[in-house]
Asks: 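I have a structure I would like to understand better, so I am pasting it below and will then ask my questions one at a time.
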Amino acid sequence: MLQTMEWKNKSLLLLNQTLLPNSAEYIECHNYRRVAEAIKRLEVRGAPAIGAAAAFGFVLGARELCNSYDFWTGIEEVAEELRQTRPTAVNLFWAIERMLSVVNKSDKLSDLTDLVLKLEQEAIAIATEDREMNYKISQYGAQLFNEPVSILTHCNAGSLATAGLGTALGVIRQAFSEGKINRVYADETRPLLQGSRLTAWELMQENIPVTLITDNMAGWVMKKNMVQAVIVGADRITLNGDVANKIGTYSVAVLAKEHNIPFYVAAPISTFDFSMESGFDIPIEERSASEVANFAGISTAPEGVDVFNPAFDVTPNTLVSAIITEYGILKQPYNEEILKIQQKIKGVL
Ligand code: MRU
């Protein structure tokens with residue numbers, strides 16, 4: 001399994017996911033601006049990976065500011081620039097808040113090099129915890145299957161989208177190793193093809209049987225009983241259990257309901273937005289028209305056509321059969337289950 005990111009010699013190495021599957025090249029980020037650029041360009045993508053990359057970007061920003069006249073204003077600017085990269089995945093904001101809380105807890109008169117060291121430890125902890133959360137999610141998720149199934153997934157919620165095994169693909173990896181997965185159907189995931197370029201590639205690396213389909217084939221695949229479950233990742237889950245994920249996820253969930261197929265979501269707690277009641281309020285990123293009107297640099301639509309290109313959609317909790325977290329498997333009523341987890345985190349339960 002190729003590492004999505006590596007903190008090496010005080011720089012961040014990011015596997016350039018825009019080049020996959022044709023070449024595996026790492027980008028060396030020596031400053032936070034390059035990290036911000038990589039997140040914007042989707043060179044690093046997937047909610048947990050964006051969060052961890054931003055945390056390391058924050059460390060690079062802090063180190064740069066050590067010799068500046070005003071570290072304290074500068075670091076807020078670094079945080080804001082990183083926040084502005086992508087709006088939907090809440091892991092980004094969660095990771096930046098974690099980094100800022102280290103800054104805010106520190107004594108303003110203490111040595112800044114010590115603070116940068118603490119920030120580096122925090123970023124490493126974010127990545128390490130993500131790996132551990134992925135592992136637990138995989139173990140819990142595999143328990144959902146009693147007999148071998150074929151399963152459909154959308155976008156890429158694999159190791160490329162996290163610092164570890166992946167969320168949805170982590171569950172698939174574990175279930176496959178237990179003999180519970182026959183085959184994975186990967187939606188290609190228009191317009192940027194995270195399903196075909198990344199998920200199909202990731203699974204093939206490990207000899208997990210995978211069949212690529214275009215997004216508009218999912219309904220027919222279900223109708224023909226070729227899949228018995230769906231599993232996806234998430235970019236933000238609200239208190240009522242609504243799930244924002246890659247555009248097209250909502251359609252897959254509606255299709256799964258029509259065909260009586262369970263629709264599972266796998267996500268760590270860093271993907272939960274405890275400040276938001278429902279998915280209605282989740283900011284949905286809209287991306288450039290060129291992603292839809294062009295394919296591999298070739299125009300596929302009349303020049304100047306109006307395009308709508310939301311990068312995510314929201315699946316209402318009523319369509320979600322279960323949410324797999326590192327705390328276990330959540331079922332309806334999600335608002336009660338999510339509240340319990342929030343209290344556990346706060347140490348109330
Ligand atoms: O635009 P992307 O590629 O960052 O979108 C990624 C997704 O939608 C993933 O499914 C989600 O982040 C979960 S990753 C574990």
Side-chain angles (χ1 to χ4, degrees), residues 137-138 140-158 161 166-176 178-191 193-196 198-200 202-203 208-238 240-267 278-279 310-325 329-334 337:
I137 288 170
S138 315
Y140 281 124
Q143 293 170 16
L144 285 166
F145 308 101
N146 298 317
E147 53 190 41
V149 291
S150 286
I151 194 161
L152 184 135
T153 191
H154 188 76
C155 193
N156 174 268
T167 55
L169 290 198
V171 173
I172 288 175
R173 282 188 163 92
Q174 181 59 31
F176 179 74
E178 294 175 16
K180 294 171 171 176
I181 298 284
N182 290 328
R183 177 162 292 275
V184 181
Y185 283 83
D187 278 351
E188 71 171 349
T189 318
R190 276 278 289 157
L193 309 184
Q194 288 93 330
S196 58
L198 310 177
T199 295
E202 225 187 285
L203 293 172
I208 298 178
V210 55
T211 299
L212 175 65
I213 57 171
T214 62
D215 299 345
N216 53 355
M217 293 173 190
W220 189 238
V221 164
M222 290 181 192
K223 179 80 181 164
K224 285 178 66 75
N225 197 25
M226 290 161 75
V227 293
Q228 293 76 45
V230 174
I231 189 162
V232 295
D235 285 82
R236 193 184 294 228
I237 300 175
T238 52
N240 67 346
D242 289 351
V243 175
N245 192 48
K246 178 54 57 194
I247 190 73
T249 303
Y250 169 59
S251 318
V252 174
V254 171
L255 287 168
K257 182 160 181 99
E258 170 67 17
H259 294 90
N260 265 321
I261 292 172
F263 178 89
Y264 300 126
V265 174
S278 92
F312 300 95
D313 57 28
V314 177
T315 299
N317 64 75
T318 47
L319 297 179
V320 178
S321 312
I323 305 176
I324 308 152
T325 74
I329 294 169
L330 315 186
K331 296 234 166 120
Q332 289 278 19
Y334 290 115
E337 300 264 294

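Source: prediction; values computed, not measured.
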Asks: What's the separation between atom CD1 in I213 and atom CD in E188, rounded to the nearest 0.5 Å?
Replies: 9.0 Å
Asks: Assess whether atom OH of Y264 is packed by more than 12 heavy atoms of other residues, nucleotides or ligands within 6.0 Å.
Replies: yes
Asks: Taking all non-hydrogen atoms of both residues into account, name the closest pair between K257 and L319 and its distance.
Replies: CD-CD2, 3.2 Å
Asks: I would like to know whether V149 and I181 meet side chain to side chain contact (heavy atoms under 4.5 Å, CB included); could you show each step before the answer?
Replies: CA-CA 5 Å; V149 291; I181 298 284; 4.1 Å; yes
Asks: Might you point out which heavy atoms bring A218 and L152 nearest each other, and give the distance in Å?
Replies: CB-CD1, 4.1 Å
Asks: Do E337 side-chain atoms and G241 backbone N/O form a donor-acceptor pair below 3.5 Å?
Replies: no
Asks: S138 and G166: which non-hydrogen atoms are nearest, and at how many Å?
Replies: OG-O, 4.3 Å
Asks: With rounding to the nearest 0.5 angstrom, report the CG to OH distance, L330 to Y140.
Replies: 10.5 Å
Asks: May I ask you to test the V265-N245 pair for a side-chain heavy-atom distance under 4.5 Å?
Replies: no
Asks: Sequence neighbours left out, what passes side-chain hydrogen bond (donor to acceptor under 3.5 Å, both in side chains) with T153? Give chain and number order.
Replies: none
Asks: Of the non-hydrogen atoms in G141 and V171, which two are nearest, and what is the gap between them?
Replies: C-CG1, 3.6 Å
Asks: Can you list everything that forms a side-chain hydrogen bond (donor to acceptor under 3.5 Å, both in side chains) with E202? Sequence neighbours excluded, please.
Replies: N156, S159, R173
Asks: Could you check whether any side-chain N or O of H154 sits under 3.5 Å from a backbone N or O of I247, counting only pairs where one atom can act as donor and the other as acceptor?
Replies: yes
Asks: Working to the nearest 0.5 Å, report the span between OG of S278 and CG of N317.
Replies: 9.0 Å
Asks: What is the distance from atom CG of L144 to atom NZ of K180, rounded to the nearest 0.5 Å?
Replies: 8.5 Å
Asks: Calculate, to the nearest 0.5 Å, the distance between atoms OG1 and CG belonging to T199 and D187 respectively.
Replies: 9.5 Å
Asks: Would a 4.5 Å heavy-atom cut-off, applied to side chains only, mark F145 and I151 as touching?
Replies: yes
Asks: Checking K246 side chain against A311 main chain: does a donor-acceptor pair fall under 3.5 Å?
Replies: yes
Asks: For G279, is there any backbone N or O sitting under 3.5 Å from a side-chain donor or acceptor partner on T238?
Replies: yes
Asks: Can you give me the closest heavy-atom contact between I231 and A168, atom names plus distance?
Replies: CG1-CB, 3.9 Å
Asks: Are side-chain heavy atoms of I237 and Y334 found at a separation under 4.5 Å?
Replies: no
Asks: With heavy-atom distances below 4.5 Å as the criterion, would you say the side chains of V227 and M222 are in contact?
Replies: yes
Asks: Quick one: closest heavy-atom pair of G179 and P148, and the distance?
Replies: O-CG, 3.5 Å
Asks: Atom CD1 of I261 and atom CE of M226: how far apart are they, to the nearest 0.5 Å?
Replies: 11.5 Å
Asks: My understanding is that only residues two or more places apart in sequence, or in another chain, count here; which of them pass side-chain hydrogen bond (donor to acceptor under 3.5 Å, both in side chains) with N216?
Replies: T214
Asks: Less than 4.5 Å apart, any side-chain heavy atom of Q174 and any of I137?
Replies: no
Asks: Hey, does the side chain of D242 reach the backbone of P316 with a donor-acceptor pair shorter than 3.5 angstrom?
Replies: no
Asks: Check whether any side-chain heavy atom of V243 sits under 4.5 Å from a side-chain heavy atom of T249, and report yes or no.
Replies: no
